Amino acid sequence: MNAIIYKKSNRARYLRISIGSDMQVKVTVPRNVSLEKAREFAESRKEWIQKHLDRYTRIRDNTIWPDLDTIDFEKAQRELFARLDELSHQYNLPYRRAAFRKQKTLWGSCSSNNDISLNINLIFLPTHLQDYVLLHELTHTRHRNHGVRFWAALNKLTQNQARQLDRELSRQMMRL
């Protein structure tokens, strides 16, 4: 198993294990938890860690990556922004501006000013998942958090498929 990185966090409330795209295992440690407790926690989750490392390795090894030299990123960006505009007008969910970013853990985000940031890797997703991400971020222009009203609004836009699409999207994130 890979070496584990322990990182103290003033914001964390719970011990948390994450595995990065580089297969690096990281344990986030709240400030009031000792390093010894964090090590015990990681040791107690050894099987879980190994299971996920194996799973990510299988996904990585079985994924056919597109040839990046053949992708017209500018065209893809224009098409996604056009789709964002279309959905924004269709559902009356205006936003201020949109931008692409290279993000590691998010497909998109929406600021309090209704600025939408989209992960450049969206271009590798199937169209229905691209639309889901766009609708998700547009819904944040009305509902800032992931509360009950947010999910109810998103469910209306996705014909009650929001949670299912969210799970499918999570599986896609592992492939990046």
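What you see is a predicted model, and the numbers here were worked out from it, not measured in a lab. Note: hydrogens, waters and symmetry copies are ignored here, and every other heavy atom, side chains too, is used.
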Are any of the side-chain heavy atoms of D166 and Y132 separated by less than 4.5 Å? yes
Atom CZ of R149 with >12 non-hydrogen neighbours under 6.0 angstrom: no
Is there a side-chain contact between V25 and I5, using heavy atoms and a 4.5 Å cut-off? no
Minimum heavy-atom separation for Q130 to L80, with atom names? OE1-CD2, 3.6 Å
Do H143 and H136 have their ring centres less than 6.0 Å from each other? no
Keeping D72 on the side-chain end and E74 on the backbone end, is there a donor-acceptor pair under 3.5 Å? yes
Quick one, Y95 and D85 - any side-chain contact, counting heavy atoms below 4.5 Å? yes
Give, for atom CG of L135 and atom CD of Q90, the distance between the pair rounded to the nearest 0.5 Å. 8.0 Å
Under 3.5 Å, side chain of R16 to main-chain N/O of A12, donor-acceptor pair present? no
Between F100 and F81, does the ring centre distance come in under 6.0 Å? yes
Flag the pair L93 / R142 as yes when at least one side-chain heavy-atom distance between them is below 4.5 Å, and no otherwise. yes
Between CG on residue L87 and CD on residue E137, distance to nearest 0.5 Å: 12.5 Å
Working to the nearest 0.5 Å, report the span between CG of L53 and CH2 of W48. 8.5 Å
Reference residue I17; test side chain to side chain contact (heavy atoms under 4.5 Å, CB included); the match among I49, I4, T28: I49
After noting the C-alpha distance and the side-chain angles of V27 and K7, does the key distance pass the side-chain contact (heavy atoms from CB on, under 4.5 Å) rule? CA-CA 6 Å; V27 176; K7 187 169 192 264; over 6 Å; no
Sidechain-backbone polar pair: S88 side chain, L84 backbone, donor-acceptor under 3.5 Å: no
Verify, without hydrogens or angle tests, whether R144 (side chain) and S111 (backbone) share a donor-acceptor contact under 3.5 angstrom. yes
Student check: side-chain heavy atoms of L138 and Y91 closer than 4.5 Å: no
Side-chain donor-acceptor contact under 3.5 Å, Q161 with H128: no
When rounded to the nearest 0.5 Å, the distance separating CG of N113 from OG1 of T141 is 12.5 Å
Rounded to the nearest 0.5 Å, the CD atom of Q50 sits from the OG1 atom of T57 at a distance of 8.0 Å
With a 4.5 Å cut-off on side-chain heavy atoms, are R55 and K51 touching? no
So, does E43 use its side chain to make a donor-acceptor pair with the main chain of A38 at under 3.5 Å? no
Are the side chain of W151 and the backbone of H146 linked by a donor-acceptor contact shorter than 3.5 Å? yes
If you compare all heavy atoms of N145 against all heavy atoms of H140, which two are closest, and at what distance to 0.1 Å? O-CE1, 3.7 Å
Is there a side-chain contact between Q24 and I19 (heavy atoms, below 4.5 Å)? no
Working to the nearest 0.5 angstrom, can you tell me the gap between N119 CG and F124 CZ? 9.5 Å
Is any side-chain N of the basic residue among K75 and E79 closer than 4.0 Å to the acidic one's carboxylate O? yes
How close do N121 and K102 get, heavy atom to heavy atom, and via which atoms? ND2-NZ, 3.2 Å
Quick one: do E36 and R39 make a salt bridge, cutoff under 4.0 Å? no
Side-chain touch P30/K8, heavy atoms, less than 4.5 angstrom: no
Between L118 and I116 the two heavy atoms that sit nearest each other are CD2-CG2, 3.7 Å
